[in-house]
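Only heavy atoms go into these numbers, but all of them, side chains included; no hydrogens, no water, no symmetry mates. All values derive from a computational prediction rather than experimental measurement. Lettering of chains follows the sequences in order, A, B, ..., and the numbering in each one begins at 1.
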Protein chains: 2
Amino acid sequence: MKKGRVTIKDIARELNIAPSTVSRALNDHPAIKKETKEAVKALAEKLDYQPNLLALNLLQKKSNTIGVIVPEITGHFFSAIITGVQDVIVHSEYNIMICLSNESYEEELTIVKRLSKIQIDGVLVSPSSETKNFDHFKKLQKSGIPIVVFDRDCPGLEADKVLVDDYFGAFQAVEYLIGIGCNRIAHLGGPLNLSTTEHRLQGYLDALHKNKVAVNDQYVVHVSGFSHEEVELATKELLNNNELPDAIFAYSDNLAISAMHTAKELGLQIPGQISIVGFDDEPHSAFITPALSTVWQPVYSMGMLSARILLSHLKNPNTPPEYRKEVFKPELVIRASSKENKLVSED
Amino acid sequence: MKKGRVTIKDIARELNIAPSTVSRALNDHPAIKKETKEAVKALAEKLDYQPNLLALNLLQKKSNTIGVIVPEITGHFFSAIITGVQDVIVHSEYNIMICLSNESYEEELTIVKRLSKIQIDGVLVSPSSETKNFDHFKKLQKSGIPIVVFDRDCPGLEADKVLVDDYFGAFQAVEYLIGIGCNRIAHLGGPLNLSTTEHRLQGYLDALHKNKVAVNDQYVVHVSGFSHEEVELATKELLNNNELPDAIFAYSDNLAISAMHTAKELGLQIPGQISIVGFDDEPHSAFITPALSTVWQPVYSMGMLSARILLSHLKNPNTPPEYRKEVFKPELVIRASSKENKLVSED
DNA sequence: TTGTAGGCGTTATCAG
DNA sequence: CTGATAACGCCTACAA
């Protein structure tokens with residue numbers, strides 16, 4: 001008649017042996033008699049003994065938990081990455097704690113503090129769009145916690161990184177637009193301090209330069225966040241140019257869809273008068289009308305790889321001299337929102 | 001020159017006082033001299049003392065963590081619920097552990113075992129579509145862990161529940177379809193052992209009965225899972241009827257969109273020849289063409305309420321005599337995929 | 001092969 | 001007001 005769960009002491013008492021013997025038996029310690037082991041294990045089974053991980057955590061000074069910090073999960077992008085992460089981690093002894101920063105630097109700070117308090121063992125992170133300073137991550141690293149950065153880079157932070165070649169994706173997309181005859185290509189860019197924003201912008205600019213298409217400052221607009229209002233505002237700014245762009249390369253599918261919406265409201269034909277290309281290849285992008293051309297990224301694989309890298313560090317706690325940097329190649333997916341149509345609109 | 005993090009003992013030694021005094025000072029115990037408190041707090045600050053929650057966990061026999069079990073997060077539905085949960089929990093002292101069952105009963109079992117092992121304090125759960133038996137949840141409850149079920153009910157399990165009136169939503173949707181002149185209304189149903197499937201089906205049937213529209217068995221098809229193949233198969237079965245339905249009420253937006261796709265491939269006009277109504281109001285449903293009529297649910301609020309209910313139990317660990325059952329009202333959203341168009345098609 | 005003792009970091013209890 | 005002590009459940013030297 002004990003209260004609470006059964007412990008190794010209970011087993012020990014019942015069997016008239018020492019708790020340490022029970023512990024060893026349960027852990028298959030070589031120096032324990034076979035019969036003892038069997039007796040212990042049998043009783044443990046019978047009593048439905050569950051090792052108290054909380055006690056182990058204290059002993060080992062680790063939580064057996066890894067944290068995943070993402071800006072949001074309502075879109076498909078981070079959800080899919082997380083699913084990849086989870087499908088790897090689930091086969092390890094670690095638990096996952098998913099934390100949402102809601103694109104807020106403040107909340108990200110709070111999260112990091114919390115994770116640090118619970119002695120997290122490792123962290124996967126994609127910083128918020130507000131985050132410019134990575135000291136909070138560095139602090140984690142200093143206390144020995146390995147960090148893997150994914151998708152959104154943290155420039156200046158030395159860590160493992162699993163990224164996408166955003167520059168390449170953007171370059172391809174824009175060169176494609178040029179190829180189909182667009183020459184007033186606008187860019188609806190992301191929040192300014194994201195690495196992804198910067199790389200996609202750079203890819204856009206370089207594609208224009210390389211193909212000797214004039215760059216027009218008025219054709220580049222950046223959102224400051226992903227709220228509906230901000231996106232709409234930016235889109236309108238772009239489309240209210242006195243000389244209308246004949247194509248928009250957007251930072252993301254969501255921005256692209258917003259742009260498409262606004263363009264339709266203005267009575268523009270897509271792709272007749274204006275072509276639109278997004279980035280991310282969200283699943284619904286294929287279902288909107290016209291179906292959105294976009295840049296696909298291997299999200300699930302990114303999640304899996306990030307998790308694997310973190311696990312490998314956790315298994316080899318010897319300070320690794322060098323960090324891995326894996327860059328996935330994205331792929332242009334051409335659909336109905338962009339079409340060769342400039343024969344007419346050449347004035 | 002200590003190794004590892006600073007503990008209460010370090011502070012005690014430095015100040016020549018007892019560890020227990022430090023503990024009390026840090027916790028603002030009333031019976032501690034003001035100056036002592038200040039000295040302790042100052043030093044703690046200076047040394048960047050972080051309380052070791054792992055030790056606390058062991059002492060209190062609780063993990064200060066709540067688990068959230070969902071079938072998946074790549075869709076908007078559960079992501080939004082989780083976001084609601086998180087936005088509530090983040091203001092408490094609890095951590096969240098999000099677990100994905102991938103719509104698999106096996107994985108759900110594994111998750112529950114894990115959560116039980118780490119001495120989870122409470123659980124929010126929406127069961128997988130394969131789950132027919134809720135003993136694993138009952139076992140959790142028996143060990144004193146409060147459970148709140150959300151969205152998908154677990155019939156027979158006594159627990160707090162935060163649900164949606166699926167019956168009402170379905171009834172409304174189908175009655176609306178009848179109102180615009182449809183009389184060969186098909187139902188593309190969800191997996192059979194989900195409560196939501198059952199209630200939506202019942203709402204569909206009752207709406208037909210009440211309005212004296214004949215029920216045709218061939219017009220009711222259920223998917224067995226949410227994989228693309230299965231959905232496509234079921235959709236085709238529905239549309240390959242010798243007498244084509246003039247409307248489809250689908251279990252979810254995703255099923256509806258798949259149906260729409262297939263219908264388009266068959267050259268059908270939507271809503272000209274066939275109206276389609278979904279369920280969930282996923283954000284992208286407004287952007288597809290034609291925009292999908294659907295049934296909206298207050299997802300974010302459901303997440304928040306579920307979390308609040310769980311927290312209230314955690315704060316009052318006295319066995320609560322009765323469970324709460326909260327049922328949200330969904331709302332029909334009419335868009336372009338359903339239209340009054342039967343004047344013509346009446347043969 | 002097994003038992004004893006100490007400790008992981010914290011708090012609660014009981015003295016003083 | 002503060003100090004010593006025990007305890008949470010487990011593991012790991014060290015001893016026997």
Side-chain angles (χ1 to χ4, degrees), chain A residues 2-41 43-44 47-65 93 116-121 143-144, chain B residues 2-41 43-44 47-65 93 116-121 143-144:
Chain A
K2 286 105 203 166
K3 29 184 160 181
R5 51 165 66 202
V6 12
T7 74
I8 53 172
K9 283 186 189 171
D10 298 323
I11 301 184
R13 199 176 320 120
E14 197 115 343
L15 257 35
N16 269 319
I17 56 179
S20 53
T21 308
V22 176
S23 166
R24 283 183 278 238
L26 256 15
N27 292 315
D28 266 329
H29 190 109
I32 294 285
K33 220 192 323 183
K34 203 174 167 191
E35 305 133 39
T36 318
K37 273 189 196 171
E38 280 164 5
V40 168
K41 285 184 181 172
L43 187 59
L47 263 37
D48 191 29
Y49 165 76
Q50 302 268 41
N52 186 332
L53 298 188
L54 266 29
L56 266 195
N57 288 346
L58 174 57
L59 204 58
Q60 301 170 176
K61 295 163 182 255
K62 52 182 285 217
S63 59
N64 275 301
T65 302
E93 76 268 28
S116 159
K117 267 195 191 156
I118 64 166
Q119 251 110 313
I120 204 83
D121 294 343
S143 57
Chain B
K2 287 107 204 166
K3 27 185 156 179
R5 52 165 65 199
V6 15
T7 77
I8 219 169
K9 285 185 187 172
D10 298 323
I11 300 183
R13 197 175 323 119
E14 197 115 342
L15 256 36
N16 269 320
I17 57 179
S20 53
T21 307
V22 176
S23 168
R24 283 184 281 239
L26 256 14
N27 292 313
D28 265 329
H29 189 109
I32 293 286
K33 220 192 323 183
K34 202 174 165 192
E35 304 133 40
T36 318
K37 274 188 196 171
E38 280 164 4
V40 168
K41 286 185 180 170
L43 187 57
L47 263 37
D48 190 29
Y49 165 77
Q50 302 268 42
N52 186 333
L53 298 188
L54 266 28
L56 263 196
N57 289 347
L58 174 57
L59 205 56
Q60 302 170 176
K61 296 163 179 253
K62 50 181 283 214
S63 60
N64 275 300
T65 302
E93 76 268 30
S116 160
K117 267 196 191 154
I118 65 166
Q119 252 113 310
I120 204 82
D121 294 342
S143 58

Exercise for the section: Mind checking salt bridge (charged side-chain N to carboxylate O under 4.0 Å, His left out) for A:K62 and listing every partner two or more places apart, or none if nothing turns up? Expected result: none
Problem - Derivation of the side chain to side chain contact (heavy atoms under 4.5 Å, CB included) call for B:N52 and B:T7 - result: CA-CA 8 Å; B:N52 186 333; B:T7 77; over 6 Å; no
Handout entry: Where protein sits on nucleotides 6-16 of chain C, one letter per nucleotide: B base, S sugar-phosphate only, - none, heavy atoms under 4.0 Å
Key = -BBBBBBB---
Practice task
Using a 4.0 Å heavy-atom cut-off across all strands, classify A:I17 as base, sugar-phosphate, or nothing.
Solution key: sugar-phosphate
Exercise for the section: Would you check if A:L43 and A:L15 make a side-chain contact, meaning some heavy-atom pair closer than 4.5 Å? Expected result: yes
Completion exercise
Per the under-4.0 Å heavy-atom filter, residues of residues 30-39 of chain A near DNA chain D come out as none
Which donor-acceptor pairs under 3.5 Å do the side chains of residues 53-60 of chain B make with protein atoms, sequence neighbours left out?
{"unit_1": "B:N57", "atom_1": "ND2", "unit_2": "B:L53", "atom_2": "O", "d": "3.4"}

Fill in the blank from the handout: Residues passing the side-chain hydrogen bond (donor to acceptor under 3.5 Å, both in side chains) test with B:D48, sequence neighbours excluded, are none
Exercise for the section: Could you name each residue pair satisfying salt bridge (charged side-chain N to carboxylate O under 4.0 Å, His left out) that touches residues 15-27 of chain A, not counting sequence neighbours? Expected result: none
Exercise for the section: Indicate yes or no: at least one non-hydrogen side-chain atom of A:T65 is less than 4.5 angstrom from one of B:I118. Expected result: no
Practice task
Sequence neighbours left out, what pairs pass side-chain hydrogen bond (donor to acceptor under 3.5 Å, both in side chains) with at least one residue falling in residues 27-38 of chain A?
Solution key: A:D28-A:K41
Practice task
Using the test side chain to side chain contact (heavy atoms under 4.5 Å, CB included), find all partners of A:P19 that sit at least two apart in sequence or belong to another chain.
Solution key: A:I8, A:K9, A:A12
Completion exercise
So the stems of DNA chain C, runs of at least three Watson-Crick or G-U pairs (under 3.5 Å), are C:1-16 with D:1-16
Completion exercise
A:E93 and A:N64 have their tightest heavy-atom pair at CG-OD1, 3.8 Å
Problem - Nearest atoms (heavy-atom pairs only) where B:S63 meets B:D121 - result: N-OD1, 3.3 Å
Handout entry: Range on DNA chain D touched by chain A - first to last nucleotide, heavy-atom distance under 4.0 Å
Key = D:dG9 to D:dA13
Handout entry: Non-hydrogen atoms of B:Q119 and B:K61 that approach each other most closely
Key = CG-O, 4.1 Å
